[in-house]
Amino acid sequence: MSETEPTTPPAPADFIRDIVAGDLQSGKHPLSVTRFPPEPNGYLHIGHAKSICLNFGIARETHGRCNLRMDDTNPTKEDVEYVESIQADVDWLIRGWADDRLGRKVPGDVSGTAVLPSEASGRSLEPFFASDYFEQMLAFAVELIRRGKAYVCDLTPEQMSEYRGVPERPGKPSPWRDRSVEENLDLFERMRQGEFPDGTRTLRSRIDMASPNIHLRDPALYRIRHATHHRTGDRWCLYPMYDYAHPISDYLEGITHSICTLEFEIHRPFYDWVLQSLDLPRTLPRQIEFARLSLGYTVMSKRKLLQLVEEGLVTGWDDPRMPTLSGLRRRGVRPEALRAFAAAIGVTKYNGLTEVSVFEGCIRDDLNLVALRRLAVLRPIKVVLTNIAEGETHWFDAVNNPSQPELGTRKIAFTRELWIDSDDFMEVPPPKYFRLRPGGEVRLKYACIIRCDEVIKDATGAVVELRCTADLETRSGGANAAKKVKGTIHWVSAAHAIRAEVRLYDRLFTEEAPEAEGRDFKSVLNPESALTVTALLEPSLAEARQSDRFQFERVGYFTLDVPYSPTGVAPASVPLIFNRTLGLKDSWAKEMAKK
RNA sequence: UGCCCGAUGGUGUAAUGGUAGCACAACAGUCUCUGAAUCUGUUUGUCAUGGUUCGAAUCCAUGUCGGGCAACCA
């Protein structure tokens with residue numbers, strides 16, 4: 001069997017998948033329906049990728065469905081820019097993997113009815129929006145009022161906070177708690193009509209002001225917000241709270257398993273309260289919580305990412321150093337690597353810190369298999385081969401990917417003047433240095449062995465040129481091809497090389513836990529996280545396409561820079577810029593760093 | 001001085017009362033026209049104390065440590 005054959009990894013197992021499998025087996029639900037419900041107030045990041053892979057992974061493994069839903073109940077924070085980027089990022093991450101399980105809807109339909117791509121029959125589909133359910137939510141709220149389970153409260157935000165009490169001590173009931181159903185109905189309707197200014201009244205659930213769970217102390221269902229919503233415009237001035245909107249949205253869409261992160265654990269009793277208070281006919285969804293991802297050397301909260309963007313500490317949400325999906329994509333990380341990562345870290349309720357090396361390993365494993373090998377010199381020194389005539393050109397074959405021979409070979413030119421990387425020559429090398437040194441020999445990858453005869457320096461003593469002799473007998477197929485030397489280095493022909501900007505991205509922070517010990521995460525930004533060099537590349541790289549992945553041999557993985565565009569269309573003329581996705585492992589550098 | 005949740009090598013995770021396994025990291029070696037990849041090997045763990053049981057990482061009790069909860073945010 002070829003090692004390039006896509007192997008089917010065993011389906012991941014975790015406590016959530018166990019629950020879903022159990023509910024399917026018991027017949028509680030005939031089909032699993034999950035959902036991915038981001039609020040469109042920022043860009044998706046690798047933490048969301050964990051959730052997407054979980055929710056869509058379950059849909060994929062159980063032949064169920066996963067709805068994409070914008071949780072847009074707070075007009076003051078949300079924007080269509082985010083709606084669009086979220087759709088693009090989800091599509092990118094699940095394409096060819098679980099996109100056939102993606103539940104969306106027909107535009108205009110507010111019933112919660114999902115349509116799978118296979119059922120679209122030519123219709124265009126769009127994600128679900130919590131704001132599409134505002135009418136139904138309102139009707140349910142009226143029902144809660146009628147049942148005596150909700151009331152209009154006139155307390156100010158400050159008063160409400162005071163009445164709520166603290167976790168250790170019970171709260172006290174609002175003086176408005178016992179209004180009549182008629183008065184509540186009337187007030188609520190007038191709230192909806194826009195009669196009252198922001199902050200003057202709320203609709204509250206009536207549960208238990210003495211509950212040890214503070215989220216059960218009559219939490220708010222609706223607040224007044226005279227604001228323009230990115231989708232419903234000025235139609236509403238009354239907006240439901242997350243805790244109320246979420247269970248109803250889930251129910252309306254027939255969600256069976258509502259998977260969220262641990263901080264919502266304490267909200268679960270309220271989630272159940274809303275649904276149970278309504279005497280709904282269908283089987284209710286179950287909320288299940290798991291630990292969010294925290295990854296070393298980065299920050300994950302939208303607030304902090306927004307801060308990096310707004311303060312210009314990065315170039316945007318899609319800066320290749322950002323943990324956002326758009327940033328990772330621009331950096332050259334493929335969805336396959338993100339999915340492998342999600343499978344590798346698992347799903348539990350334990351709040352740990354995942355080492356970046358796990359993620360980097362997934363990226364390298366993925367890229368190693370697909371990346372086209374190329375020769376590129378990042379920090380050049382000139383080599384002159386004194387026994388090669390000017391104008392003399394030899395053409396050598398170079399394989400594109402040693403693990404995938406079907407990717408073929410290319411010709412590379414070998415001439416009198418070459419560039420090699422400055423790392424690959426040392427005048428006074430340390431022990432075990434296998435590269436070029438005065439009087440030493442090294443193999444030029446795909447070409448032949450050269451010997452360094454002379455070191456030319458400028459007035460300051462800096463090395464400007466190496467005069468060497470090439471032994472063409474040692475080239476592939478040559479009489480002495482089998483000759484062994486310790487080192488093999490990469491190079492490009494000076495006459496053929498093209499120039500390009502190469503951006504050497506690195507970790508954004510110098511500390512594994514940037515915000516540990518209460519420090520400001522911005523105080524540990526890595527000043528060398530985005531170095532730029534002008535590199536000399538083999539000419540085939542001029543034809544690089546966006547979808548290509550390259551390994552600059554002995555250097556790292558690179559891809560063409562493609563800034564995010566909301567329209568999905570790349571700018572007409574793209575200058576040749578390569579982004580470093582990740583360096584190759586470098587045990588020599590590691591060895592040196594020890595000393 | 002409340003409530004909810006959690007704790008398995010350095011890190012993440014598996015073992016669902018019956019041999020503590022896997023991955024990453026680290027280290028050593030192999031191989032190499034990439035100091036990459038590959039391949040081989042090594043080191044390191046059940047938070048503590050009691051209890052139940054023929055048998056406990058798993059069940060129970062107590063404690064310790066960690067996370068979360070007091071927006072008209074999600």
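The analysis underlying the following values was restricted to heavy atoms, covering all of them including side chains, and did not include hydrogens, waters or symmetry mates. Proteins get letters first, then strands, A, B, ... in listed order; numbering begins at 1 in each.
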Between [N] ([atom2]) and [X] ([atom1]): distance, integer Å:
{"X": "Asn351(A)", "N": "G12(B)", "atom1": "CG", "atom2": "P", "answer": "10 Å"}
{"X": "Glu355(A)", "N": "U13(B)", "atom1": "CD", "atom2": "C1'", "answer": "13 Å"}
{"X": "Leu262(A)", "N": "C4(B)", "atom1": "CG", "atom2": "P", "answer": "15 Å"}
{"X": "Leu444(A)", "N": "U34(B)", "atom1": "CG", "atom2": "P", "answer": "13 Å"}
{"X": "Glu553(A)", "N": "U32(B)", "atom1": "CD", "atom2": "P", "answer": "17 Å"}
{"X": "Asp424(A)", "N": "C33(B)", "atom1": "CG", "atom2": "P", "answer": "17 Å"}

Roughly how many Å apart are [M] and [N], using the [atom1] atom of each and rounding to a whole number?
{"N": "A70(B)", "M": "G12(B)", "atom1": "P", "answer": "26 Å"}
{"N": "G50(B)", "M": "A56(B)", "atom1": "P", "answer": "14 Å"}
{"N": "G45(B)", "M": "U11(B)", "atom1": "C1'", "answer": "12 Å"}
{"N": "A23(B)", "M": "G18(B)", "atom1": "C1'", "answer": "25 Å"}
{"N": "G66(B)", "M": "U30(B)", "atom1": "C1'", "answer": "43 Å"}
{"N": "C47(B)", "M": "C4(B)", "atom1": "P", "answer": "22 Å"}

What stems show up for RNA chain B when you take Watson-Crick pairs (N1-N3 plus N6-O4 or O6-N4) and G-U wobbles (N1-O2, O6-N3), both under 3.5 Å, and require three or more consecutive pairs? B:2-7 with B:64-69, B:10-13 with B:21-24, B:26-29 with B:39-42, B:47-51 with B:59-63
Can you give one letter per nucleotide of nucleotides 35-46 of chain B, 5' to 3': B if a protein heavy atom sits under 4.0 Å from the base, S if only from the sugar-phosphate, - if neither? BSS---------
Reading 5' to 3' through nucleotides 69-74 of chain B, protein heavy-atom contacts under 4.0 Å coded B for base, S for sugar-phosphate only, - for none: BBSBBB
Please name the pair of heavy atoms, one in Arg164(A) and one in Arg217(A), separated by the smallest distance, quoted to 0.1 Å. O-NE, 3.0 Å
For A48(B), measure the glycosidic angle (O4'-C1'-N9-C4 for a purine, O4'-C1'-N1-C2 for a pyrimidine) and name it syn if it falls within 90° of 0, otherwise anti. anti
Residue pairs passing the salt bridge (Lys or Arg N to Asp or Glu O under 4.0 Å) test with at least one member in residues 343-354 of chain A, sequence neighbours excluded, are Glu265(A)-Lys349(A)
For A26(B), does either OP1 or OP2 sit under 4.0 Å from a side-chain N or O belonging to Lys590(A)? yes
Would one find a side-chain N or O of Lys349(A) under 4.0 angstrom from OP1 or OP2 of U13(B)? no
Partner set under side-chain contact (heavy atoms from CB on, under 4.5 Å) for [X], not counting sequence neighbours:
{"X": "Val442(A)", "result": "Leu436(A), Ile450(A), Ile489(A)"}
{"X": "Ala210(A)", "result": "Pro170(A), Asp208(A)"}
{"X": "Lys590(A)", "result": "none"}
{"X": "Thr76(A)", "result": "Asn74(A), Arg225(A), Ala227(A)"}

Name all residues meeting the side-chain hydrogen bond (donor to acceptor under 3.5 Å, both in side chains) criterion together with Thr469(A); count only those two or more places apart in sequence or in a different chain, and write none if there are none.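 Only Asp453(A) meet the side-chain hydrogen bond (donor to acceptor under 3.5 Å, both in side chains) criterion with Thr469(A).
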In residues 292-299 of chain A, what donor-acceptor pairs under 3.5 Å come from side-chain atoms, sequence neighbours left out?
{"unit_1": "Arg292(A)", "atom_1": "NH1", "unit_2": "Glu263(A)", "atom_2": "OE1", "d": "3.4"}
{"unit_1": "Arg292(A)", "atom_1": "NH1", "unit_2": "Glu263(A)", "atom_2": "OE2", "d": "2.8"}
{"unit_1": "Ser294(A)", "atom_1": "OG", "unit_2": "Gly352(A)", "atom_2": "O", "d": "2.7"}

For residues Leu367(A) and Leu582(A), determine if any side-chain heavy atom of one lies less than 4.5 Å from a side-chain heavy atom of the other.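 The answer is no, as the side chains (C-beta and beyond) never meet within the 4.5 Å cut-off.
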To the nearest 0.5 Å, what is the distance between OG1 on Thr200(A) and CE on Met191(A)? 7.5 Å
With a 3.5 Å cut-off and no angle check, do the side chains of Asn400(A) and Arg410(A) form a donor-acceptor pair?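 There is such a pair (donor and acceptor under 3.5 Å, judged by atom type) between the side chains of Asn400(A) and Arg410(A).
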Tell me what Glu265(A) touches on the nucleic acid: a base, only sugar-phosphate, or nothing, going by heavy atoms under 4.0 Å. sugar-phosphate
By the 4.0 Å heavy-atom rule, please label Tyr446(A) as base, sugar-phosphate, or nothing. base
Is the ring centre of [X] less than 6.0 Å from the ring centre of [Y]?
{"X": "Phe552(A)", "Y": "Phe578(A)", "answer": "yes"}
{"X": "Tyr43(A)", "Y": "Tyr82(A)", "answer": "yes"}
{"X": "Phe134(A)", "Y": "Trp236(A)", "answer": "yes"}

Please list, pair by pair, any protein nitrogen or oxygen found under 3.5 Å from a nitrogen or oxygen in nucleotides 14-19 of chain B.
{"unit_1": "U16(B)", "atom_1": "O4", "unit_2": "Asp18(A)", "atom_2": "OD2", "d": "2.6"}

Please enumerate all residues that pass ring pair (Phe, Tyr, Trp, His ring centres under 6.0 Å) together with Phe264(A), with sequence neighbours excluded. Tyr242(A), His267(A)
